[in-house]
Amino acid sequence: MNSPLAESLFPSADSGFWQPDFLLGAATASYQIEGAAHADGRLPSIWDTYSHTPGKVLNGDNGDVACDHYHRWESDFELLSQLGLDGYRLSIAWPRVMDAQGRPNPKGIDFYKRLLDRLQEQGLQRFVTLYHWDLPQYLEDRGGWLNRDTAYRFAEYADLMSRELSGRVTAWSTLNEPWCSAMLGYAEGAHAPGRKNRRYALQAMHHLLLGHGLAVPLLRRNDPGAQVGIVANVGKSSPQTDSPADRRAAELFEVQHNAWVLDPLLKGSYPAAMFELYPGTEPLILEGDMAVIASRLDYLGINYYFRSNVESDGKHGYTEVPLPGVERTQMGWEVYPNGLRDLLIGFRRDYPTLPPIYITENGMASDDKVVDGVVDDAQRISFLKRHFNAVSEAMKAGVDVRGYFVWSLLDNFEWAYGYERRFGLVHVDYATQFRTPKNSAHALAAFTAARKRRNTL
Ligand code: FCB
């Protein structure tokens with residue numbers, strides 16, 4: 001390890017990140033890296049349809065090839081092993097493993113068996129997400145998440161996968177970021193399936209969470225040795241001024257981004273303020289649904305990226321007003337590590353049943369270039385170190401955080417932003433599929449090596 005980087009990512013000496021049982025990992029998702037869109041019986045997903053619709057994704061990019069991880073996973077896992085991490089978070093592509101009649105596709109399932117077996121051989125903990133947004137298109141054709149039946153189809157899929165992969169998984173996550181599926185997919189139209197109706201978003205959320213709740217007991221029954229949880233993205237807000245209206249606006253932002261998902265899961269009800277924000281959008285809820293949704297979790301996955309500054313819109317909502325002069329990433333997102341600390345502390349205060357937490361995603365995009373074989377992503381190193389320390393502070397304040405996954409192992413297909421936004425620890429040249437570990441990957445490897453040395457002394 002060349003010296004300028006050696007200690008650049010080390011968190012503070014008393015940080016929980018140094019503890020041997022604190023899980024440090026990297027994360028990816030199927031549609032963003034696998035490619036091989038038509039291989040071995042894979043069916044189209046809503047993201048194939050959406051990304052192939054002109055004007056939906058920046059530069060007309062799609063996930064047909066992506067990082068070609070479906071064919072290159074072995075060398076990608078060699079790169080992963082060089083990082084010295086404890087865990088890896090991946091997702092399963094639903095349209096690879098089941099056909100439109102709900103029958104298993106053995107070729108697709110075997111792919112994930114091979115991945116999980118290799119990870120286990122490499123000594124890595126395996127966090128598996130069932131739904132990272134790639135809904136089979138045939139289910140969208142029947143109404144997608146607006147159709148209550150999709151929740152039951154999801155439970156069947158979870159049942160099949162946990163029977164097939166039982167014993168190979170450390171922790172299951174039912175859904176990744178239902179907020180994004182519902183809000184970006186059904187209200188804003190910025191993600192697949194591209195619908196634009198606020199009421200749809202609330203109904204889609206209800207069916208997503210119902211699917212989650214139906215899947216939980218099946219996962220537990222079929223794979224009793226694994227943890228069962230869900231992954232939520234959370235947002236931090238700041239009020240533009242100290243006025244009561246702006247402070248209320250900031251609260252409502254967090255209700256919409258956090259409580260809308262966490263309240264049903266952890267309290268068994270939707271927050272009333274959600275319907276103050278969006279009157280007349282109450283979803284259709286059948287008797288017993290909320291109890292299903294609130295089934296006990298072994299852990300909660302938290303994805304955190306940035307803070308949003310908001311002001312009152314003069315009615316009952318909020319408007320985002322970007323703060324000038326703050327540090328931002330290639331996404332334009334504000335770098336604000338203390339937001340993660342404060343949210344975690346707030347969740348512990350607000351949810352008596354809060355389970356142990358894993359930070360399942362955190363990271364940043366930068367316009368990374370390979371120069372003489374080197375990718376100098378100094379901002380990412382500093383970003384990660386500051387977020388490690390913010391999480392450590394929450395742990396010192398009593399929040400039970402068990403692990404942290406960097407988003408992402410590889411540069412990949414960043415949804416509506418295509419390949420232009422680079423989140424990886426490893427740079428991908430999409431023309432050649434050549435991989436170059438960035439300086440952040442070297443710095444992370446230096447930290448994991450130092451941690452191992454310290455913990456074996
Ligand atoms: C999250 C997604 C993940 C990735 C990051 C940047 O919302 O879960 O797939 O795109 O954002």
Side-chain angles (χ1 to χ4, degrees), residues 25-35 45-47 50-51 56-58 61-63 66-67 69 88-94 127-135 173-188 190-192 201 205 208 212 229-236 256-258 260-261 300-308 328-336 339-340 343 358-368 377 379-380 383-384 387 404-426 428 440:
T28 61
S30 48
Y31 190 72
Q32 295 181 275
I33 63 166
E34 287 177 358
S45 78
I46 54 174
W47 268 96
Y50 187 79
S51 63
K56 297 296 187 193
V57 173
L58 192 63
D61 291 341
N62 60 60
C67 307
H69 179 72
Y88 178 63
R89 174 173 177 248
L90 59 85
S91 81
I92 294 173
W94 186 351
F127 277 58
V128 176
T129 302
L130 285 163
Y131 184 68
H132 202 124
W133 309 350
D134 35 7
L135 186 74
S173 160
T174 52
L175 308 175
N176 176 70
E177 302 190 352
W179 183 94
C180 289
S181 298
M183 196 49 93
L184 303 181
Y186 286 87
E188 296 181 10
H191 278 186
M205 174 66 88
L208 282 152
H212 154 80
I230 185 170
V231 169
N233 56 303
V234 295
K236 184 69 195 156
Q256 202 256 51
H257 283 77
N258 309 334
W260 181 25
V261 179
L300 175 67
I302 290 289
N303 296 352
Y304 173 79
Y305 287 96
F306 59 95
R307 175 174 76 163
S308 306
R328 293 186 183 277
T329 71
Q330 191 194 15
M331 296 296 282
W333 295 346
E334 183 189 353
V335 178
Y336 190 68
L340 179 52
L343 284 170
Y358 288 89
I359 308 303
T360 33
E361 284 181 31
N362 176 236
M364 60 162 284
S366 44
D367 186 15
D368 300 316
D377 59 341
Q379 192 193 5
R380 181 172 289 103
F383 178 102
L384 292 175
H387 284 81
Y404 172 107
F405 294 80
V406 179
W407 182 269
S408 177
L409 175 65
L410 303 167
D411 287 343
N412 58 49
F413 176 76
E414 177 45 37
W415 308 114
Y417 294 94
Y419 296 102
E420 204 183 86
R421 306 292 156 92
R422 294 181 175 273
F423 273 93
L425 293 164
V426 175
V428 177
S440 57

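Whatever order the structure lists them in is the order used to number ligands and atoms, beginning at 1. Since the model is a prediction, treat every value here as computed from it, not as a measurement.
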Quiz prompt | Matching residue for Ser440 among Asp377, Val426, Val406, Asp368 - test: side-chain contact (heavy atoms from CB on, under 4.5 Å) | solution = Asp377
Practice problem: Could you pull out the closest heavy-atom pair between Val234 and Asn258, with the gap in Å? | Solution: CA-OD1, 3.2 Å
Self-check item: Greater than 12 external heavy atoms within 6.0 Å of Phe306's CZ
Solution: yes
Quiz item: Would a line drawn from the ring center of Tyr88 to the ring center of Phe127 be shorter than 6.0 Å?
Solution: no
Within the protein, flag every N or O under 3.5 Å from an N or O of ligand 1, and note the pair and distance.
from	atom 1	to	atom 2	distance (Å)
ligand 1	7 (O)	Glu177	OE1	2.5
ligand 1	7 (O)	Glu177	OE2	3.1
ligand 1	8 (O)	His132	NE2	3.2
ligand 1	8 (O)	Asn176	ND2	3.0
ligand 1	8 (O)	Glu177	OE1	3.3
ligand 1	8 (O)	Glu177	OE2	3.3
ligand 1	8 (O)	Glu361	OE1	3.1
ligand 1	8 (O)	Glu361	OE2	3.0
ligand 1	9 (O)	Gln32	OE1	2.7
ligand 1	9 (O)	His132	NE2	2.8
ligand 1	9 (O)	Trp415	NE1	3.0
ligand 1	10 (O)	Gln32	NE2	3.3
ligand 1	10 (O)	Glu414	OE1	2.6
ligand 1	10 (O)	Glu414	OE2	3.3
ligand 1	10 (O)	Trp415	NE1	2.9

Self-check item: Distance-only side-chain donor-acceptor flag, Tyr31 / Ser51, under 3.5 Å
Solution: yes
Quiz item: Are side-chain heavy atoms of Met183 and His257 found at a separation under 4.5 Å?
Solution: no
